[in-house]
Amino acid sequence: MGLREDLLKSIWHAFTALDVDKSGKVSKSQLKVQDNFNGLDFNRMCWTLCARKNLTKNTLLISDDDAFKIWCIFNFLTEDKYPLTLVTEEIEYLLRKLTEAMGGSWIEEKFEDYKIQLNAKQQCLSVWEVIELIGTGHFSKGMDRQTLSMGINEVFQELILDVLKQGYMMKKGHKRKNWTERWFVLKPNVLSYFVNENLTEKKGHVVLDSSCCVESLPDKEGKKCLFLIKCAGKSFEISASDKKKKQEWIQAIQTAVNLLRQGLPAPHKEARQKRKELRQKLQAEQEALEQRMKELQTANESKQRELETLRRKLEEDAANAAEEERRRQQTQTELHDRYMTDLEREKMVRQQMEEEVAQKSSELEQYLQRVRELEDMYHRLEESLEDERQARQDEETVRKLQARLLEEEATKRAELELLHLQQQKAISRTEAEKQELEQQRIVKEEALQAAMLQLEQLESERKGALEQYEEVMKKLENAANKTRSWKDKVAQHEGLIRLIQPGSKGPQLITNWGAAAFTEAELNLREKSWQEKKNSATQ
């Protein structure tokens, strides 16, 4: 916020407190023009004009000077909207800063209760309500007046006087090179030092610019926690009370130099601007949301009207269908009564005809005439039944119409529930995909287990076949050894000895040594048996 806006807010407070005569002119005796005044003096003049009329001092625990400082802080935190009021977020910011300045702890629950009461009333406070809120000690219970006054003064110096940091430090002189304790006050563009914290006697200042720098120094000359401020053509050696204070001062001065380099305002002003932009953004989003809600409400009302029209139409159709059903039932009842009457009449006619047949067989022609009448009556009954079937078809047509109307109503309702169903389908689709993947994993595991079992079974079968093959090979080897031994013996006897074995009496094979001990059929059977054993052993 610039100086122009500060002056406008102060002037607004002053002129709203002035009395205006009937002609609309301000009384000259209430406004005195002063020359050669700064912004703080002008604010105090406007404060004097408005506080005299609006400030109630009887119930306040703070002085008039503290109330003036709260008034200046209020003008700084308010937005450029008249009449000037402080919104809930800025009230919380001011009370939190004041509590931290007094060394107390911020109680969030207590402010939330007060925020609920504030929102129920007006959601903002005027400057006199803010002064009364702080001056009555509602959020500073347990703190004495001096602590409250010091907290107000610290917040005032930070927000209004742009004081970034202040405190006692030792400064080395430029001429005498002696160390003197001074009260330093850091602002965004200057570091001033005074004799004491009352700021009555200023001893000098250090003008900060983008070329300044601050660096830490080692301990020397019996002084500790030293750091050096370098500016254009001049340097300042300063000693802090401890390492923590030294680091805080170095960081604060470096922050001020960085702000000058980047052309940014003081941190509290930048923070206030960000809070203002955030409120404007939230307000715009809230307005857009309200507009969207209104559009949805209008669309919903339109849908409700359409549904109401459709419901009325359905009720009318249902009433017409009920009336048609009543007429059909009435017609059916009349036909049934007529049919029963005809049946009774036919029964009476039959009785009469039986009596006449028993009495007079000569009246057969009259009986036949009666039969023809009954046939005509039967035809009329068939026509009545046909009319009844036609009425039932008409009833079915009405029911189909009603079903179609109900289906259209269900379609309308389905359109209204489509958004909800889409969300449910998305959730169920994700769950279904998860279940499908789990089922695929289970099926694959089962297939793997079945394959493993089949592999184990094949392995056992292979081992069994291998064992059978080894046994057959051993038998063949033994048989071959025996055959070789017999062949050797036969060769030694030059074919004179032939083994005689029992066998069939069929034709025998002839070998080099004479007739064989087995026939050709027996040889084929043995070859076939040996081939089967060989194949099974190979498998």
Side-chain angles (χ1 to χ4, degrees), residues 296-429 431-433 435-436 439:
L296 291 176
Q297 185 176 3
T298 303
N300 188 22
E301 291 176 355
S302 177
K303 291 291 184 181
Q304 290 292 338
R305 287 193 294 270
E306 292 179 1
L307 289 174
E308 184 67 20
T309 304
L310 182 60
R311 186 184 62 81
R312 291 175 181 174
K313 184 177 179 181
L314 289 175
E315 289 178 354
E316 292 176 358
D317 294 339
N320 295 333
E323 180 65 23
E324 189 67 25
E325 177 68 16
R326 187 187 64 78
R327 292 176 181 175
R328 187 191 65 78
Q329 290 181 356
Q330 183 178 1
T331 303
Q332 185 177 4
T333 303
E334 293 176 356
L335 291 174
H336 184 266
D337 294 340
R338 187 183 301 173
Y339 179 73
M340 293 303 295
T341 303
D342 292 340
L343 287 178
E344 291 293 334
R345 186 181 302 169
E346 181 183 359
K347 189 181 296 183
M348 293 175 63
V349 168
R350 284 180 180 179
Q351 290 176 358
Q352 291 176 1
M353 288 175 64
E354 290 177 357
E355 292 175 357
E356 290 176 358
V357 168
Q359 292 176 4
K360 298 178 182 180
S361 58
S362 61
E363 297 179 357
L364 180 59
E365 186 64 25
Q366 184 178 0
Y367 175 74
L368 294 175
Q369 182 66 28
R370 292 287 185 182
V371 171
R372 285 192 293 272
E373 292 178 358
L374 288 174
E375 289 178 355
D376 294 338
M377 188 181 299
Y378 178 74
H379 290 310
R380 288 197 299 272
L381 286 174
E382 285 184 345
E383 293 176 357
S384 299
L385 290 174
E386 183 65 26
D387 294 339
E388 182 180 1
R389 283 194 295 272
Q390 184 65 32
R392 288 181 179 179
Q393 290 179 358
D394 296 340
E395 177 189 4
E396 186 65 24
T397 303
V398 173
R399 287 181 179 177
K400 289 182 179 179
L401 176 60
Q402 185 177 6
R404 183 176 61 80
L405 294 176
L406 291 175
E407 184 179 358
E408 291 179 357
E409 181 183 6
T411 303
K412 292 293 183 178
R413 290 181 179 176
E415 291 177 357
L416 295 177
E417 296 176 357
L418 183 58
L419 293 176
H420 178 69
L421 290 177
Q422 288 177 353
Q423 296 177 355
Q424 294 295 329
K425 285 181 180 178
I427 296 172
S428 61
R429 190 183 304 116
E431 187 66 24
E433 291 176 357
Q435 292 178 359
E436 184 179 355
Q439 291 177 358

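In this text, all values refer to a predicted model and were calculated from it rather than measured experimentally.
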- Atom CG in Leu310, atom CD in Glu315: separation rounded to 0.5 Å? 10.0 Å
- Derivation of the salt bridge (charged side-chain N to carboxylate O under 4.0 Å, His left out) call for Glu433 and Arg429: CA-CA 6 Å; Glu433 291 176 357; Arg429 190 183 304 116; 5.5 Å; no
- Note on the structure: Between Leu314 and Leu406 the two heavy atoms that sit nearest each other are CD2-N, 4.4 Å
- Could you please spell out the steps behind the salt bridge (charged side-chain N to carboxylate O under 4.0 Å, His left out) verdict for Lys313 and Glu316? CA-CA 5 Å; Lys313 184 177 179 181; Glu316 292 176 358; over 6 Å; no
- Query: With sequence neighbours left out, what residues match Gln439 under side-chain contact (heavy atoms from CB on, under 4.5 Å)?
  - Reply: none
- Item | Rounded distance (nearest 0.5 Å) linking atom CG of Leu374 with atom CD of Gln369 | 10.5 Å
- Query: What's the spacing between Glu375 CD and Leu368 CG if we round to 0.5 Å?
  - Reply: 10.0 Å
- Item | Heavy-atom donor-acceptor pair, Asn300 side chain to Leu296 backbone, under 3.5 Å | no
- Message: Quick check on Arg311: does its CZ atom have over 12 non-hydrogen neighbours (other residues, nucleotides or ligands) under 6.0 Å away?
- Response: yes
- Partner set under side-chain contact (heavy atoms from CB on, under 4.5 Å) for Lys400, not counting sequence neighbours: Glu396
- Message: Given Arg350, which partner from the list Glu354, Glu346, Gln352 fulfils the side-chain hydrogen bond (donor to acceptor under 3.5 Å, both in side chains) test?
- Response: Glu346
- Message: Please check: side-chain N/O of Thr411 versus main-chain N/O of Glu407, any donor-acceptor pairing under 3.5 Å?
- Response: yes
- Side-chain heavy-atom pair Asp337, Glu334 within 4.5 angstrom cut-off: no
- Message: Quick check for you: to the nearest 0.5 Å, what is the distance between Glu324 atom CD and Leu401 atom CG?
- Response: 11.5 Å
- Message: Checking Arg370 against Glu373 for the salt bridge (charged side-chain N to carboxylate O under 4.0 Å, His left out) test, could you report, in this order, the C-alpha distance in whole Å, the side-chain angles of both residues, the deciding distance, and whether it holds?
- Response: CA-CA 5 Å; Arg370 292 287 185 182; Glu373 292 178 358; 3.6 Å; yes
Residues 325-333 side chain polar contacts: donor-acceptor under 3.5 Å, at least two apart:
| unit_1 | atom_1 | unit_2 | atom_2 | d |
| --- | --- | --- | --- | --- |
| Glu325 | OE1 | Arg328 | NE | 3.4 |
| Glu325 | OE2 | Arg328 | NH2 | 2.6 |
| Glu325 | OE2 | Gln329 | NE2 | 3.1 |
| Arg326 | NE | Glu323 | OE1 | 3.4 |
| Arg326 | NE | Glu323 | OE2 | 3.4 |
| Arg326 | NH2 | Glu323 | OE2 | 2.4 |
| Arg328 | NE | Glu395 | OE1 | 2.9 |
| Arg328 | NH1 | Gln332 | OE1 | 3.1 |
| Thr331 | OG1 | Arg327 | O | 2.9 |
| Gln332 | NE2 | Glu388 | OE2 | 3.3 |
| Thr333 | OG1 | Gln329 | O | 2.7 |

- Item | Spatial distance of atom CZ (Arg338) from atom CE (Met377) [nearest 0.5 Å] | 11.5 Å
- Task: Kindly compute the distance separating CZ (Arg312) from CG (Asp317), expressed to the nearest 0.5 Å.
- Result: 14.5 Å
